[in-house]
Every structure is written in structure tokens, then in C-alpha cells.
Amino acid sequence: MTRTIYYVASTLDGFIADQHHSLDWLLTQDVDEHGPMNYGEFIGQVGAVLMGAATYEWIVQHQAAAGEGWMYTQPSWVFTHRDLAAMDGADIRFTSAPVTAVHAEAVKAANGKNLFVVGGGDLAGQFADAGLLDEVMVSYAPVTLGAGAPLLPRRLDLRLRETARNAAFVAARYDVDR
Ligand SMILES: NC(=O)c1ccc[n+]([C@@H]2O[C@H](COP(=O)([O-])OP(=O)(O)OC[C@H]3O[C@@H](n4cnc5c(N)ncnc54)[C@H](OP(=O)(O)O)[C@@H]3O)[C@@H](O)[C@H]2O)c1
């Protein structure tokens, strides 16, 4: 059964990027690619990808700087009110349709696999508002920023299902309590 999962890395004080959309605090951390709750295992179960425009723009810039292309093979939806350009070879739909309609389309496209909500936090919150967010998987980096893009700016009750250490990170998996 398809689950809608917000899989994300956060600072200890609940930010997923700094005030300038930098992830330097994250990309310098030790991670075990084969360790608990690793990205490879997670993405293998993903059938469609959903993200906001700032996240998309960060990916485009970061991949271009690294000389690399779009990294998702899954159909992807980018929420925006602007006319953004798709990266070459990327299967992307830009949308400002209601999250419920996009979710229904993405579930169909995922064909039984999970939906990956990449971020930001408010977009994950919009899915939660609509009762469509099933799970939150957070890897907490050993750093605080004091300010930045929030992890999940909503009042939500979650149930802790699993915790593990992955190198520098504390990884936690929560079910969203509806
Ligand atoms: N640490 C991590 O694992 C992680 C994961 C993901 C992202 N990030 C970073 O976190 C930051 C997130 O940025 P952010 O908080 O600004 O969030 P975001 O969701 O990436 O971008 C927000 C933008 O998305 C568009 N949007 C959101 N909801 C929409 C809707 N319902 N309909 C149409 N458009 C919608 C709007 O763009 P328009 O102005 O174009 O309308 C909005 O300004 C980025 O720097 C990203 O790189 C970190």
C-alpha cells in the first residue's frame, strides 16, 4: 500500500536549511550509506516524488555545480506558481493544483510504491493538513542553526516507531497520528 513519507534531514533545533537555503551544515556530516534508515533503501521503495519550488531550485543549482543531472527516475511534481524550467531528462510536472489532486495523481503514478515528500516543511504540512501524510522519517544532524527553513511548521501528534544511530545522525521514524 502506498504511504506518503516526508524523509528529511534536520538540525537538532528543527531546521532543514539555513536562512540562505544552504545545506553546508548537513553535507559535511558523516553518514553510513548502508546504515539504519539509509537513503538507498528508502528511495528503492519510492514511486513518485513531491517537492516545493525552493527545494527544486536548490537541487538544480547543486546538481549543475556538481556537473550532474536530475537524480530521480520517478515521476516528480514540483509545487510552484512560477514558470520554472525542467532539468534535461527529468520527468517533472510543475503544478499549483490543490495538494489533494496532485496526491491522487502521484499515488496512481507510484503504482503501489511510496510517495516521497522531499520538502520543504510547509509543503509536508500541507499534506498533513489534508490528512495525507502517513510518516515522517527524520535524520537529526548534531548541529543547531538558530534560524532557517522549518522542519514541519504545524501542530501535529506523531507516534515514534523506530530510532537508530546512523554515523553522526539520530534517525527517527514516526507515524502521523490522524
Ligand atoms: N535537509 C533536508 O533534508 C532538506 C530536504 C528538502 C529541502 N531542503 C531545503 O529546505 C529549504 C526548503 O525551502 P522552503 O521552506 O522555502 O520550502 P519549499 O517547499 O521547497 O519551497 C516553497 C515554495 O514552494 C512553492 N509552493 C509551496 N506550496 C505550494 C502550493 N501548494 N502550490 C504552489 N506552490 C507551492 C512556492 O513557490 P513559488 O514562489 O514558486 O510559488 C513556495 O514559495 C530549501 O532550501 C531546500 O533546499 C532540505
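We count ligands from 1, going down the list as the structure has it; atoms in each ligand are counted the same way.
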- Identify, by atom number and element, the atoms of ligand 1 in contact range of A17, meaning under 4.0 Å from any of its heavy atoms. 9 (C), 10 (O), 11 (C), 45 (O)
- Message: Among L115, I92, T95, V49, which residue satisfies the side chain to side chain contact (heavy atoms under 4.5 Å, CB included) criterion with W77?
- Response: T95
- If hydrogens are left out, which of T55, T11, L23, D18 has an atom nearest to atom 20 (O) of ligand 1, that is, the closest non-hydrogen atom? T55
- Message: For the aromatic rings, using the six-membered ring if either is Trp, is the centroid distance between F94 and Y56 under 6.0 Å?
- Response: yes
- Task: Give the residue and atom name of whichever protein heavy atom lies nearest to atom 3 (O) of ligand 1, and the separation in Å to one decimal.
- Result: A9 N, 2.9 Å
- Closest approach of any protein heavy atom to atom 19 (O) of ligand 1, naming residue and atom: G120 N, 2.9 Å
- Message: Would V99 and F79 count as a side chain to side chain contact (heavy atoms under 4.5 Å, CB included) here? Give the steps.
- Response: CA-CA 9 Å; V99 291; F79 286 85; 3.9 Å; yes
- Item | atom 28 (N) of ligand 1 within contact range, any protein heavy atom under 4.0 Å | yes
- Item | Nearest protein heavy atom with distance in Å, relative to atom 26 (N) of ligand 1 | F79 O, 3.7 Å
- Query: Does Q29 reach the main-chain N or O of W25 with its side chain, forming a donor-acceptor pair under 3.5 Å?
  - Reply: yes
- Query: Are any of the side-chain heavy atoms of M51 and V78 separated by less than 4.5 Å?
  - Reply: yes
- Charged N to carboxylate O under 4.0 angstrom, D175 versus R173? no
- Query: Should V118 be listed as contacting ligand 1, given a heavy-atom distance under 4.0 Å as the test?
  - Reply: yes
- Quick one: does V143's side chain get under 4.5 Å of F15's, heavy atoms only? no
- Distance, nearest 0.5 Å, that separates OG1 of T73 from CD1 of I43: 7.5 Å
- Provide, to 0.1 Å, the distance between atom 34 (N) of ligand 1 and the closest protein heavy atom, together with that atom's residue and name. T80 N, 3.2 Å
- Item | Heavy-atom proximity to atom 44 (C) of ligand 1, best of H21, H20, Q126, Q19 | H21
- Query: Which residue holds the protein heavy atom closest to atom 14 (P) of ligand 1, what is that atom called, and what is the gap in Å?
  - Reply: A54 CB, 4.0 Å
- Task: Mark up the atoms of ligand 1 that fall under 4.0 Å of a heavy atom belonging to R82, in ascending order.
- Result: 38 (P), 39 (O), 40 (O)
- Heavy atom of the protein closest to atom 24 (O) of ligand 1 (residue, atom name, distance): A53 N, 3.0 Å
- Item | Nearest-neighbour protein heavy atom for atom 48 (C) of ligand 1, which is reported as residue plus atom name and distance | I16 O, 3.1 Å
- Query: By number and element, which atoms of ligand 1 are closer than 4.0 Å to a non-hydrogen atom of H81?
  - Reply: 32 (N), 33 (C), 34 (N), 38 (P), 40 (O), 41 (O)
- Query: Does a sphere of radius 6.0 Å around CG in D177 hold more than 12 heavy atoms from other residues, nucleotides or ligands, not counting ones at 6.0 Å or beyond?
  - Reply: yes
- Take atom 42 (C) of ligand 1 and look for protein heavy atoms under 4.0 Å from it; say yes if you find one, no if not. no
- Task: Check each heavy atom of W58 against ligand 1 and say whether those closer than 4.0 Å belong to the side chain, the backbone, both or neither.
- Result: side chain
- Determine whether more than 12 heavy atoms belonging to other residues, nucleotides or ligands lie under 6.0 Å from atom CZ of R161. yes
